[in-house]
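Below is one structure, written out as structure tokens; the observations come after it.
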Amino acid sequence: IVMSWFPDSDDNETTQVKTTTVQKVDVTDQQKNKFKSWALNNTDVTILSYPEDSDWQIWITLSDEKYSYTTKEDIETIASSTARYYKLQTGYDSLVVVTVWRNGSVYAKGRSY
């Protein structure tokens, strides 16, 4: 918490202003590995990685057999849900972006704020 005093413009009294600094929660490798295991064992995610060891980016690939005819909007919903589950399981409290890869290129993205 940062406390600052600023003089009022009309008189020489001071006003106390209180600001709160939110500290970012870093996700440990153990939490990431636990979430990855959960996703691979309990969802249709077949590959999950954290590019550049990121806390906020997740790349996934879904089962082609099951999702080859699914709409892009449905895949975006799955990506957003995956981002939300990641935040719930790790305690990460900021933007998470899940990128879904298909056939070597980005197919869809989902976010959780």
Legend entry - Step-by-step side chain to side chain contact (heavy atoms under 4.5 Å, CB included) determination, D29 to D53: CA-CA 9 Å; D29 288 341; D53 197 30; 3.8 Å; yes

Inset, instruction - Report the residues that fulfil side-chain hydrogen bond (donor to acceptor under 3.5 Å, both in side chains) with T71, sequence neighbours left out, ordered by chain and then residue number. - result: D74

Inset, instruction - Tell me, please, which residues at least two apart from R84 pass side-chain hydrogen bond (donor to acceptor under 3.5 Å, both in side chains). - result: S81

Inset, instruction - Find the distance between NZ (K72) and CZ (R102) and round it off to the nearest 0.5 Å. - result: 10.5 Å

Inset, instruction - Give a yes or no on this: more than 12 heavy atoms of other residues, nucleotides or ligands lie within 6.0 Å of atom OH of Y107. - result: yes

Legend entry - For the student: nearest non-hydrogen atoms of A83 and S112, plus distance: CB-CB, 3.7 Å

Inset, instruction - Taking the side chain as every heavy atom from C-beta outward, state whether V27 and Y86 have any pair of such atoms under 4.5 Å apart. - result: yes

Inset, instruction - Determine whether D55 and D26 make a side-chain contact, defined as any pair of heavy atoms from C-beta on separated by less than 4.5 Å. - result: yes

Spell out, yes or no, whether [X] and [Y] are grouped together once hydrophobic residues are joined by side-chain heavy atoms under 4.5 Å, including indirect joins.
X: I58; Y: W56; result: yes
X: I78; Y: W59; result: no
X: V97; Y: Y113; result: yes

Only pairs under 3.5 Å count here: list side-chain donor-acceptor contacts from residues 44-52, not counting sequence neighbours, and write none if there are none.
unit_1, atom_1, unit_2, atom_2, d
D44, OD2, K66, NZ, 3.0
D44, OD2, Y67, OH, 2.8
T46, OG1, T61, O, 3.1
Y50, OH, K32, O, 2.9

Inset, instruction - Assess whether side chain to side chain contact (heavy atoms under 4.5 Å, CB included) is satisfied between V98 and K109, documenting all intermediate values. - result: CA-CA 6 Å; V98 174; K109 289 188 179 193; over 6 Å; no

Do side-chain atoms of [X] reach the backbone of [Y] as a donor and acceptor pair under 3.5 angstrom?
X: K87; Y: V96; answer: no
X: Q57; Y: S54; answer: no
X: T77; Y: E73; answer: yes
X: Q89; Y: F35; answer: no

Inset, instruction - Check the pair V106, V100 against side chain to side chain contact (heavy atoms under 4.5 Å, CB included), reporting the backbone distance first and the verdict last. - result: CA-CA 6 Å; V106 173; V100 180; over 6 Å; no

